[in-house]
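Okay, structure first, notes after.
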Amino acid sequence: QVQLVESGGGLVQAGGSLRLSCAASRTIFGKNNMGWYRQAPGKQRELVATITDDDTPNYADSVKGRFTISRDNAKNTVSLQMNSLRPEDTAVYYCNAHQSWPRVLDYWGQGTQVTVSS
């Protein structure tokens, strides 16, 4: 079992920045993507950004140009640098690890709250 622990959430003003980090308890050896998802009150969980194990990123349109996802495989960490934050970015952010090979496996962190004030 892989444990994912997020950190870095908090309260910031609109236009500010925040950096989220996710630490995995061990290396995921299979083919995998890691990413960040978020869920705002009353809304469905949505993808924010993902990154492959060879560092190819993918972003939701709403965060392109503002957020940057990165991973450090040597440290078993994934980060999300969030700039130009908006109130609509307010949500609980969850770290995810998805293994596609040799078995399909998903791991989720406990979530970290990000609140952006007007």
Side-chain angles (χ1 to χ4, degrees):
Q1 182 72 21
V2 175
Q3 296 181 51
L4 304 176
V5 180
E6 304 100 332
S7 61
L11 173 64
V12 297
Q13 292 186 342
S17 297
L18 209 58
R19 185 176 180 87
L20 305 182
S21 295
C22 172
S25 60
R26 65 168 178 83
T27 301
I28 301 169
F29 292 103
K31 183 180 180 181
N32 68 88
N33 293 348
M34 299 193 73
W36 292 91
Y37 293 73
R38 67 188 182 188
Q39 186 167 24
K43 296 185 178 180
Q44 294 283 96
R45 184 180 64 188
E46 65 176 354
L47 181 147
V48 178
T50 62
I51 186 165
T52 67
D53 46 17
D54 64 351
D55 289 339
T56 301
N58 179 63
Y59 299 97
D61 287 341
S62 60
V63 307
K64 284 182 178 178
R66 300 189 298 122
F67 291 10
T68 302
I69 189 170
S70 60
R71 66 188 290 169
D72 186 334
N73 294 330
K75 297 180 180 179
N76 299 329
T77 59
V78 178
S79 297
L80 185 70
Q81 178 67 45
M82 304 185 293
N83 299 325
S84 302
L85 283 161
R86 305 165 180 168
E88 52 263 43
D89 294 319
T90 295
V92 177
Y93 283 69
Y94 296 93
C95 180
N96 168 257
H98 175 80
Q99 179 180 282
S100 59
W101 184 92
R103 299 170 61 195
V104 175
L105 296 169
D106 275 286
Y107 302 99
W108 293 92
Q110 81 285 358
T112 186
Q113 177 71 47
V114 172
T115 302
V116 184
S117 63
S118 301

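The basis for the numbers below is simple: all heavy atoms, side chains too, and nothing from hydrogens, waters or symmetry mates.
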Run the salt-bridge test on Asp89 and Arg86 with the 4.0 Å N-O cut-off and return the result as yes or no.
no

With side-chain contact (heavy atoms from CB on, under 4.5 Å) as the criterion, how do Ser70 and Gln81 come out once you've worked through the C-alpha distance, each side chain's angles and the decisive distance to 0.1 Å?
CA-CA 8 Å; Ser70 60; Gln81 178 67 45; over 6 Å; no

Closest non-hydrogen atom pair, Ser62 against Arg38
OG-NH2, 3.5 Å

Measure from the side-chain N and O atoms of Gln3 to the backbone N and O of Ser25, and report whether any donor-acceptor pair falls under 3.5 Å.
no

Can you name the closest pair of heavy atoms from Tyr93 and Glu6 and give their distance?
O-OE2, 3.9 Å

Is there a side-chain contact (heavy atoms from CB on, under 4.5 Å) between Tyr107 and Gln1 once you walk through the steps?
CA-CA 8 Å; Tyr107 302 99; Gln1 182 72 21; 3.6 Å; yes

Would Trp108 end up clustered with Leu47 when hydrophobic side chains under 4.5 Å apart are linked, directly or stepwise?
yes

Please indicate whether Gln110 has more than 12 foreign heavy atoms, meaning atoms of other residues, nucleotides or ligands, lying under 6.0 Å from its CD.
yes

What's the separation between atom OG1 in Thr27 and atom NZ in Lys75, rounded to the nearest 0.5 Å?
13.5 Å

Within a strict 4.5 Å, meaning less than it, do heavy atoms of the Ile28 and Leu105 side chains meet?
no

Can you tell me how far OG1 of Thr112 sits from CG of Leu18, rounded to the nearest 0.5 angstrom?
8.0 Å

Identify the two heavy atoms, one from Ala24 and one from Val2, that lie closest to each other, and give their separation to 0.1 Å.
CB-CG1, 4.1 Å

If I take atom OH from residue Tyr94 and atom CG from residue Leu20, how far apart are they, to the nearest 0.5 angstrom?
13.0 Å

Short side-chain to backbone donor-acceptor contact, Arg71 and Thr52, under 3.5 Å
yes

After noting the C-alpha distance and the side-chain angles of Met34 and Asp53, does the key distance pass the side-chain contact (heavy atoms from CB on, under 4.5 Å) rule?
CA-CA 8 Å; Met34 299 193 73; Asp53 46 17; over 6 Å; no

Yes or no on side-chain contact (heavy atoms from CB on, under 4.5 Å) for Phe67 and Leu85, after CA distance, side-chain angles and deciding distance?
CA-CA 9 Å; Phe67 291 10; Leu85 283 161; 3.8 Å; yes

Heavy-atom check, side chain of Tyr37 versus side chain of Thr50, under 4.5 Å:
yes

Just checking, any donor-acceptor pair under 3.5 angstrom between side chains of Arg45 and Asn96?
no

So with a 6.0 Å cut-off around CD of Gln13, is the heavy-atom count from everything else above 12?
no

For the hydrophobic clusters of this structure (ILVMFWY residues joined by side-chain heavy atoms under 4.5 Å, transitively), does one cluster hold both Val12 and Leu80?
yes

Whether the side chain of Thr90 engages the backbone of Val116 through a donor-acceptor N/O pair (distance < 3.5 Å, no angle test) should be reported.
yes

Could you tell me the separation between the CG atom of Asn33 and the NE2 atom of His98, rounded to the nearest 0.5 Å?
7.0 Å

Is there a side-chain contact between Cys95 and Trp36 in this structure, where contact means two heavy atoms from C-beta onward sitting under 4.5 Å apart?
yes

Kindly compute the distance separating CG (Asn73) from CG (Asn32), expressed to the nearest 0.5 Å.
7.5 Å

N/O donor-acceptor pair under 3.5 Å between Tyr59 side chain and Ile69 backbone:
yes

Can you name the nearest heavy-atom pair linking Ser118 to Pro87, along with the distance?
OG-CG, 3.6 Å

Value for CG (Leu4) from OG1 (Thr77), rounded to nearest 0.5 Å, stands at 11.5 Å

Taking everything shown except Arg26 itself, do over 12 heavy atoms lie less than 6.0 Å from its CZ?
yes

Identify the two heavy atoms, one from Gln113 and one from Ala91, that lie closest to each other, and give their separation to 0.1 Å.
NE2-O, 3.4 Å

